[in-house]
Amino acid sequence: MLLFIFIALASSLRIPKNFFISNIERTVQLTDRYVNIQSKITFQNDGVIPIERIYYTIHNALSDRLYHVNIEESNSKKIIEDVDVKYKQNATVYEFTLKRSIEPSSNLEVELNEYYYKRFKPLPKEIGVEDEQLVQFMDSVYFFTPYLVKNQVSYYETPKIISYSLKSATQRNQLLEFGPFQDIKPFSTQIHTIHLENNTPMTVFTKASKIIEVSHWGNILIEENYSLENQGAKLKGEFGRVNFNKYNPNVGKHSLKQLSAQLPYDSWGVYYRDEIGNISTSNAAKGKLNGENQALIQLRPRFAIFGGWRSNFTLGYNLPTKKYLEQDGNNFRLTLNFSFSVREMVSDKYNFQISLPEGAYDIQVDLPLQVERNDTLLFSYFDTVGRPTIILDKTTTSQFDDKQIIITYKFSGISILREPLMIFGTFLFAFLLIIYLRRLDLQTLKLKE
């Protein structure tokens with residue numbers, strides 16, 4: 001009996017019988033390294049009560065590849081636990097709260113955006129330097145949803161189509177049209193594949209980290225570390241510079257030759273290096289981007305990153321504290337960006353670490369993201385009790401996670417003199433010791449004969 005009560009409580013997904021999707025138009029963009037799916041969905045409410053929440057479901061086979069999903073017409077979203085959907089459909093449920101409810105006998109069109117990575121499979125798995133990269137994309141013909149769908153049509157935008165498995169599809173140049181399909185039952189699926197040409201480097205960050213050291217002497221030091229991997233088609237045979245010219249756009253098109261990083265406008269002391277040392281093949285410029293003043297850094301790796309290759313590099317810079325650190329007596333408020341600076345990429349694992357000045361206490365962190373937090377103490381030069389350090393870990397991090405992190409803490413004005421007094425005391429002790437030793441008579445006594 002208790003089990004049935006638990007299942008009833010855990011099943012929070014309630015779909016009214018007279019609430020359904022009257023039309024859905026999906027546009028799947030397969031022209032980049034990541035997949036963007038834009039769906040225009042019209043919900044119809046033929047019931048008697050207003051609808052304030054709608055549900056989005058994703059099969060668990062794809063849930064770890066979805067790095068962002070949003071509905072423009074919603075205020076908030078959250079993952080909810082539903083036993084029926086979780087175990088019967090093997091899916092995850094997102095609940096979206098609408099900005100305005102769907103009244104009875106009315107409809108509402110919403111725009112759903114899904115962003116995926118690692119959706120392309122190289123086929124063939126190995127290619128030459130001058131070959132084109134062919135990949136396979138697998139998807140469901142029907143939109144995976146808990147609602148009844150009256151009408152659906154899907155469009156697939158590709159650079160170049162090689163073949164596709166659904167013979168009823170209509171091809172117009174490099175555009176595939178699926179449908180229209182009528183009266184699709186909830187949670188319907190039908191797998192199809194598209195074989196296409198896509199020379200975009202299939203690169204991801206397997207790991208990324210952002211290490212910050214805050215000093216009340218006027219500087220914030222930031223260092224970002226990246227582990228990059230190209231998961232596209234592997235390079236066939238040995239690499240030779242005779243056949244490869246990184247400045248020729250027609251050779252090695254599937255290799256990564258450049259990345260871009262967006263830094264704050266007032267950043268200074270920028271450096272870019274790898275395991276060997278400093279990399280000089282980079283450019284920096286300051287200007288307006290998307291209406292904001294920013295510093296744009298063009299990062300060119302030491303060598304082009306082909307399929308199956310990996311590379312580690314570091315990007316570091318400094319920020320002035322006067323713009324990012326606010327003070328009210330002994331109370332301080334630090335505001336920084338959470339995510340990393342190379343916004344065009346997605347990272348499997350992300351580590352955010354910030355060290356506050358020694359002596360900081362009553363530390364509070366405000367971040368509108370689900371992260372795992374661990375606090376510790378780190379010791380640097382002239383530290384005695386250690387610097388309070390906040391460590392935040394997150395999986396599948398992208399530009400959509402670049403939220404502002406606000407850290408408030410208390411710090412006594414006397415504590416800032418800790419290290420100068422320690423340095424002064426060290427030198428004073430050394431000088432006094434030298435004076436004492438110089439005045440000390442160390443002559444040995446002569447033994448009497």
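All values reported here derive from a predicted model rather than from experimental measurement.
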Where is the tightest heavy-atom contact between P122 and G232, given as atom of each residue plus distance?
->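 That would be CG-C, 3.6 Å.
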Between Y350 and F205, does a ring-ring contact (aromatic ring centres under 6.0 Å, His included) hold up when you go through it step by step?
-> CA-CA 9 Å; Y350 180 56; F205 289 141; 9.8 Å; no
Check: Y265 and Q294 side chains under 4.5 Å, non-hydrogen atoms | no
Check: residues 194-201 side-chain donor-acceptor pairs under 3.5 Å, at least two apart:
from	atom 1	to	atom 2	distance (Å)
H195	NE2	L123	O	2.9
E197	OE2	N199	ND2	3.3
N198	OD1	T200	N	3.0
N198	OD1	T200	OG1	2.8
N198	ND2	L30	O	3.2
N198	ND2	D32	O	3.0
N199	OD1	Q133	N	2.8
N199	ND2	E132	OE1	2.6

Review item, side-chain donor-acceptor pairs of residues 399-406, under 3.5 Å, at least two apart:
from	atom 1	to	atom 2	distance (Å)
D401	OD2	S398	N	3.0
D402	OD1	S339	N	3.2
D402	OD2	R343	NH2	3.2

Using a 3.5 Å distance criterion without hydrogens, assess whether the side chain of [X] forms a donor-acceptor pair with backbone atoms of [Y].
X: Y34; Y: V346; answer: yes
X: E72; Y: V110; answer: no
X: S39; Y: I41; answer: no
X: D82; Y: D84; answer: yes

Identify, with sequence neighbours excluded, every residue that meets side chain to side chain donor-acceptor pair (under 3.5 Å) alongside N60.
->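 N60: side chain to side chain donor-acceptor pair (under 3.5 Å) contacts with N90, T92.
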Pairs meeting criterion ring-ring contact (aromatic ring centres under 6.0 Å, His included) with involvement of residues 83-103, two or more places apart =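 Every pair satisfying ring-ring contact (aromatic ring centres under 6.0 Å, His included) with a residue in residues 83-103: Y56-Y94.
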Tell me, please, which residues at least two apart from E213 pass salt bridge (charged side-chain N to carboxylate O under 4.0 Å, His left out).
->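 Only R387 meet the salt bridge (charged side-chain N to carboxylate O under 4.0 Å, His left out) criterion with E213.
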Ignoring hydrogens and angles, state whether a donor on the side chain of [X] or [Y] is under 3.5 Å from an acceptor on the partner side chain.
X: Y156; Y: H192; value: yes
X: S412; Y: N330; value: no
X: N230; Y: T203; value: no
X: T57; Y: Q89; value: no
X: E103; Y: S101; value: yes
X: N23; Y: E25; value: no

F20 ring centre to K150 NZ or CZ under 6.0 Å, with the angle to the axis within 45°?
->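 The answer is yes; both the distance and angle limits are met.
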According to the interplanar angle, ranging from 0 to 90°, do the rings of [X] and [Y] count as parallel (below 30°), tilted (30 to 60°) or perpendicular (above 60°)?
X: Y67; Y: Y115; value: tilted
X: F332; Y: H216; value: tilted
X: F313; Y: Y272; value: perpendicular

Which value, rounded to the nearest 0.5 Å, describes the distance between I407 atom CD1 and R333 atom CZ?
-> 11.0 Å
What pairs meet the salt bridge (Lys or Arg N to Asp or Glu O under 4.0 Å) rule with one or both residues in residues 366-378, with sequence neighbours excluded?
->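 Those involving residues 366-378 are R373-D375.
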